[in-house]
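Here it is: the structure, laid out below.
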Amino acid sequence: MSEREWAEQAIRKIEADFTRSADTHLERLELPGLAGVALYLKDESTHPTGSLKHRLARSLFLYGLCNGWIREGSMVVDASSGSTAISEAYFARLLGLKFVAVMPRTTSPEKIAQIAFYGGQSHLVEEPGQVYAESRRLAAESGGHYLDQFTYAERATDWRGNNNIAEAMFQQMGREEHSCPRWVVCGAGTGGTSATIGRFIRYRQFKTRLCVVDPARSVFYDYYVGGDREIASTTGSRIEGIGRPRVEPSFIPDLIDRMIKVADVASFAAMRVLSDLIGRRVGGSTGTNLMGVLRLAHEMKSSSQRGSIVTLICDSGQRYERSYFNDAWLQENGFDVAPWEQRIRAFLMDGTWDASLQQPDHARGAVSLREGI
């Protein structure tokens, strides 16, 4: 079989796998404290590999195949904090390829086990910033391909449509009372999701605004505010899947209307509250998303605006049983989530806003934070 024939066969396998998979649910969460503000959750945890990153992994493999970079027998390598690697291991197994994930040693054991379940290997490094060079080295030494999600995430996905997350989200909102959301809220790991949503909003000329939330120990927010692309941190984000110690090539600030910096303790508390409300556990990045939603909903209520906000359930909380949902782990790391949980519940249930819930934020240009749609 020629290289071209193998690549065509590989693409057909990925497309067939996509055809077998339904899109993820968009759920409306009814909350008495948010009267007039409709909250929708795009549940990306229902993908075959359990997270938003399933979409990205599929796009990265198709991008590599169509560019001639992934070939029969290739070893495929990527740097990851876990969820992308799980999905990439899934697609590598589908194509009969060896896969190696380069990840920080702090990656949750549950994620490492899932990568192994799909036949992938985990190569752990001590410092988060080591993942890039180590991935390049392993790919070069094996004659394989470095997927490099942090560079290619924003270009591997067709942002104009082709069932990307933005198109699916807006189609599902089509029959809702407030079908054009005032805000979409998401985090940034590679920056690919925010780039796809931001471009689609502009392309389709929606009046929706994009808010990106950023966890502590990540530099995206600081870059957005100060403009220094070389800014870097020596520590990795505690919220697996979002936040980075450097500004990734796929992060495009000009597509973002507003950023909110979220304390880790707030993310953990919000994650737990939302898990109780929907009856199943969600991950830390979903908690970060919810903190952004709370701020925007409070502003809408304060100015008597009605409308909708859409955000993402990024992955399942089952991947964090030994960390974020472990009271001993939280205590050991100095996180007292109980007061935060109480304040978050109070706002969601009866609309009582506590000033401590307000996180640092920054808006681009002359956009009014309370302008109507």
Side-chain angles (χ1 to χ4, degrees), residues 1-18 20-21 47-105 107-108 111-125 128-158 189-193 240-241 244 248-250 315 319:
M1 185 184 299
S2 70
E3 286 185 5
R4 179 74 171 265
E5 289 171 330
W6 181 86
E8 290 173 351
Q9 184 182 82
I11 291 169
R12 285 196 296 272
K13 287 181 178 179
I14 293 176
E15 292 296 294
D17 179 81
F18 169 70
R20 291 192 298 269
S21 302
H47 281 295
T49 53
S51 83
L52 165 68
K53 301 299 185 179
H54 192 85
R55 295 179 189 269
L56 173 58
R58 180 172 57 221
S59 295
L60 288 170
F61 270 86
L62 288 172
Y63 194 68
L65 287 164
C66 292
N67 280 310
W69 298 338
I70 299 176
R71 298 173 177 155
E72 185 176 12
S74 294
M75 184 173 90
V76 182
V77 182
D78 207 2
S80 175
S81 61
S83 287
T84 305
I86 294 170
S87 300
E88 288 169 339
Y90 171 93
F91 286 105
R93 186 178 74 171
L94 183 68
L95 304 184
L97 302 175
K98 182 180 179 181
F99 174 71
V100 178
V102 181
M103 303 182 296
R105 194 168 295 280
T107 301
S108 73
K111 288 184 178 180
I112 294 171
Q114 277 294 105
I115 292 166
F117 173 80
Y118 290 119
Q121 297 179 17
S122 295
H123 182 86
L124 305 180
V125 297
Q130 295 175 322
V131 295
Y132 315 101
E134 193 67 3
S135 296
R136 283 192 292 269
R137 182 186 70 79
L138 290 173
E141 289 180 357
S142 68
H145 174 57
Y146 173 27
L147 288 165
D148 195 1
Q149 62 164 317
F150 296 108
T151 294
Y152 296 113
E154 58 88 7
R155 66 196 75 170
T157 300
D158 185 354
T190 60
T193 299
E240 291 187 24
R244 299 298 302 167
E248 302 297 350
S250 283
D315 63 0
R319 295 178 173 179

Determine whether T190 and T151 make a side-chain contact, defined as any pair of heavy atoms from C-beta on separated by less than 4.5 Å.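 Not touching, per the 4.5 Å side-chain cut-off.
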
Taking only residues two or more places apart in sequence or in another chain, which ones pass side chain to side chain donor-acceptor pair (under 3.5 Å) with S142?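 S142: no side chain to side chain donor-acceptor pair (under 3.5 Å) contacts found.
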
From OG (S51) to CD (E240), nearest 0.5 Å: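 With rounding to 0.5 Å, OG (S51) is 11.5 Å from CD (E240).
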
Do I86 and K111 make a side-chain contact, defined as non-hydrogen atoms from C-beta onward lying under 4.5 Å apart?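 In contact.
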
Candidate pair H47 and L52, rule side-chain contact (heavy atoms from CB on, under 4.5 Å), full reasoning: CA-CA 7 Å; H47 281 295; L52 165 68; 5.7 Å; no

Tell me the closest heavy-atom pair linking D17 and S21, and the distance in Å.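 Scanning both residues, the minimum pair turns out to be O-OG, 3.1 Å.
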
Minimum side-chain heavy-atom gap V77-M75 below 4.5 Å: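 Yes, close enough: below the 4.5 Å cut-off.
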
With sequence neighbours excluded, tell me which residues meet side chain to side chain contact (heavy atoms under 4.5 Å, CB included) with F18.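 Side chain to side chain contact (heavy atoms under 4.5 Å, CB included) list for F18, sorted by chain: R58, N163.
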
Can you name the residues that form a side chain to side chain contact (heavy atoms under 4.5 Å, CB included) with A7, not counting sequence neighbours?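 Listed in chain order: nothing, the list is empty.
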
Pairs in or reaching into residues 81-94: which pass salt bridge (Lys or Arg N to Asp or Glu O under 4.0 Å), with residues at least two apart or in two chains?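 For residues 81-94, and leaving out neighbouring residues, there are no salt bridge (Lys or Arg N to Asp or Glu O under 4.0 Å) pairs at all.
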
Under the side chain to side chain donor-acceptor pair (under 3.5 Å) test, which residues partner R319, sequence neighbours left out?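 Applying side chain to side chain donor-acceptor pair (under 3.5 Å) to R319 gives S83.
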
If we only count heavy atoms from C-beta on, is the L147 to Y152 side-chain gap below 4.5 Å?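 When only atoms from C-beta onward are counted, Y152 and L147 do not touch, as no gap falls below 4.5 Å.
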
Where do L60 and A156 come nearest, in terms of heavy atoms and distance?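 Closest heavy-atom pair between L60 and A156: CD2-CB, 4.1 Å.
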
For a quick test of your reading: what N or O donor-acceptor pairs under 3.5 Å do the side chains of residues 97-105 make, sequence neighbours left out?
from: R105; atom 1: NE; to: E126; atom 2: OE2; distance (Å): 2.6
from: R105; atom 1: NH2; to: E126; atom 2: OE2; distance (Å): 3.4

With R55 via salt bridge (Lys or Arg N to Asp or Glu O under 4.0 Å) - residues at least two apart: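 Salt bridge (Lys or Arg N to Asp or Glu O under 4.0 Å) check on R55 returns D23, E44.
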
Please assess L56 against Q149 for the test side-chain contact (heavy atoms from CB on, under 4.5 Å), listing each intermediate value before the final yes or no. CA-CA 8 Å; L56 173 58; Q149 62 164 317; 3.5 Å; yes

E8: salt bridge (Lys or Arg N to Asp or Glu O under 4.0 Å) partners, not counting sequence neighbours: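 For E8 the salt bridge (Lys or Arg N to Asp or Glu O under 4.0 Å) partners, ignoring immediate neighbours, are R4.
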
How far apart are the C-alpha atoms of E248 and E154, what are their side-chain angles, what is the distance that settles it, and do they pass the side-chain contact (heavy atoms from CB on, under 4.5 Å) test? CA-CA 10 Å; E248 302 297 350; E154 58 88 7; over 6 Å; no

Just so I know, are the side chains of Q121 and I115 near enough to count as touching, which here means a heavy-atom distance under 4.5 Å?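 Q121 does not reach I115 side chain to side chain.
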
List the residues meeting ring-ring contact (aromatic ring centres under 6.0 Å, His included) with Y90, not counting sequence neighbours, and say none if there are none.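 Only H54, Y118 meet the ring-ring contact (aromatic ring centres under 6.0 Å, His included) criterion with Y90.
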
Does the side chain of D78 come within less than 4.5 Å of V131's, by heavy atoms?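 Side-chain contact under 4.5 Å: no.
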
Who are the salt bridge (Lys or Arg N to Asp or Glu O under 4.0 Å) partners of E3, not counting sequence neighbours?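 Expected list: R71.
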
For the CZ atom of R137 and the NE2 atom of H123, what is their distance to the nearest 0.5 Å?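 Atom-to-atom, R137:CZ and H123:NE2 are 5.5 Å apart.
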
May I ask you to decide if the ring planes of Y132 and F150 are parallel, tilted or perpendicular, using 30° and 60° as cut-offs?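 Judged by the thresholds at 30° and 60°, the geometry between Y132 and F150 is perpendicular.
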
Just to verify, what does R12 make a salt bridge (Lys or Arg N to Asp or Glu O under 4.0 Å) with, not counting sequence neighbours?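 Residues passing salt bridge (Lys or Arg N to Asp or Glu O under 4.0 Å) with R12: none at all.
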
Output side-chain donor-acceptor pairs under 3.5 Å for residues 62-70, partner residues at least two apart or in another chain, one line each.
from: N67; atom 1: ND2; to: Y63; atom 2: O; distance (Å): 2.9

